[in-house]
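Report on one structure; see the data block that follows.
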Amino acid sequence: MINRTLLKTMLALAAFGLLSLAQETAVQPQPKPKSQKEAEAVVAIFNAMDPVSRIKAVDDLLVNYADTEFKAVALQVATASAQEMNDFEKMTIYGERTLEADPGNFAAMLMLATGLAQRTREFDLDREEKLGKAEKFANDAQALVAKAPKPRPDILDEQWEGARKDFYAQAHEARALVAMVRKKYDVAIAEFKTAIDVATTPDPATQVRLAAVYNMAGKHDEAIAVIDKLTQDPQLNPVIREFAQSEKLRAMQGKGQTAPAKPQP
């Protein structure tokens, strides 16, 4: 499960311009195309209807216009698109390329932090190295977000503050995932709860993860309460609903209860 609220925020802001702290001004300097053809190649990225098409459009831009001022933004979009596809290897490649082009790109840092934490296992020989790297990405990104200027002057202050909140939420979620691998469940619970409270629109996937860590900590009543509240939403994504119901079943089994029988069609 990926944080789709943050993904939408990152793609929208990327369309506005650089997510960088190369210059700390009231509004970030804007990249400019050097020709009409380059401008069309940039527009093609944001007109792409799916992540595969977006990545292809990014690759086309970078091959045909190697000196484009949109390099960092394009690579960030490719990173987000690879994350949307759950392609960790590709996401890591594009994320690292984004940071090479723009060392202050906090959006890429957050995606890398989340990806590393999600794919690190308890008995990995390099577990602490990966978790430490994920933690640093999350902390550095949060510090950068705190002083980041608006990408463009036409973004309303309240829109930018909302975007900041979503980035803060993802930093907290990344640290929660790190704490889960370390079995520091109280820390993970606190970080997930903060992520949910801070976000402009709480991400359902984050709420399912909170329920999961409650189950890991043996706090099954709390897990059930989270899931019951979440599943009251009739518009809840069916995939998220399935994960949520699985966590509720785990909670009930942990309490020694039997799950209710499914109604017959």
Side-chain angles (χ1 to χ4, degrees), residues 2-4 6-116 119 130 133-134 136-138 140-141 143-145 147-155 160 163 167 170 174:
I2 65 171
N3 189 317
R4 296 191 179 279
L6 182 71
L7 179 63
K8 291 177 182 177
T9 300
M10 287 189 293
L11 290 174
L13 289 175
F16 279 120
L18 291 173
L19 281 169
S20 169
L21 285 180
Q23 297 182 32
E24 293 184 21
T25 56
V27 177
Q28 295 180 18
Q30 299 304 299
K32 295 179 176 61
K34 299 178 179 65
S35 68
Q36 181 60 33
K37 289 293 185 181
E38 181 186 343
E40 291 171 1
V42 173
V43 170
I45 295 172
F46 298 102
N47 284 344
M49 300 302 292
D50 59 81
V52 174
S53 299
R54 283 197 297 272
I55 289 175
K56 183 181 184 304
V58 168
D59 290 339
D60 288 345
L61 172 71
L62 299 180
V63 167
N64 295 318
Y65 305 95
D67 62 344
T68 180
E69 294 180 13
F70 290 87
K71 181 177 182 179
V73 146
L75 287 168
Q76 181 213 307
V77 170
T79 307
S81 299
Q83 185 189 52
E84 186 178 0
M85 294 162 59
N86 289 315
D87 189 332
F88 175 67
E89 288 73 19
K90 187 170 288 187
M91 187 270 288
T92 300
I93 291 169
Y94 281 112
E96 290 176 348
R97 289 180 65 190
T98 303
L99 293 179
E100 288 174 3
D102 176 12
N105 192 297
F106 50 80
M109 292 179 189
L110 289 172
M111 287 184 279
L112 289 168
T114 301
L116 277 167
R119 286 159 180 79
K130 290 187 290 189
K133 190 174 181 180
K136 186 176 188 306
F137 275 139
D140 289 351
L144 289 168
V145 171
K147 55 182 181 179
K150 291 193 297 184
R152 281 175 62 126
D154 50 342
I155 298 178
W160 180 230
F167 286 120
Q170 187 59 24

For this session: Indicate yes or no for a side-chain donor-acceptor contact from Gln83 to the backbone of Met91 under 3.5 Å, with no hydrogens or angles considered.
Result: no

Identify the heavy atoms of [X] and [Y] that sit nearest to each other, and give their distance.
| X | Y | value |
| --- | --- | --- |
| Lys150 | Trp160 | CG-CD1, 3.4 Å |
| Ala74 | Leu61 | CB-CD2, 3.8 Å |
| Ile55 | Ala82 | CD1-N, 3.9 Å |
| Thr114 | Ala174 | OG1-CB, 4.0 Å |
| Ala113 | Ala134 | CB-O, 3.3 Å |
| Ala101 | Leu75 | CB-CD1, 4.3 Å |

Mind checking the [atom1]-[atom2] spacing from [X] to [Y]? Nearest 0.5 Å is all I need.
| X | Y | atom1 | atom2 | value |
| --- | --- | --- | --- | --- |
| Lys136 | Leu112 | NZ | CG | 12.5 Å |
| Leu116 | Thr92 | CG | OG1 | 6.0 Å |
| Gln170 | Leu110 | CD | CG | 6.0 Å |
| Arg54 | Met85 | CZ | CE | 10.0 Å |

Problem set entry | Note, Pro33 side chain near Tyr65 side chain (heavy atom, < 4.5 Å) | no

For this session: Test side chain to side chain contact (heavy atoms under 4.5 Å, CB included) on Asp102 and Gln76 and set out the steps.
Result: CA-CA 10 Å; Asp102 176 12; Gln76 181 213 307; over 6 Å; no

Exercise answer: donor-acceptor pairs, residues 36-49 side-chain atoms, under 3.5 Å, sequence neighbours excluded:
unit_1 : atom_1 : unit_2 : atom_2 : d
Glu38  : OE1    : Lys34  : N      : 2.9
Glu38  : OE2    : Thr68  : OG1    : 2.7

Problem set entry | Residue pairs involving residues 58-67 (criterion salt bridge (Lys or Arg N to Asp or Glu O under 4.0 Å); sequence neighbours excluded) | Lys56-Asp60

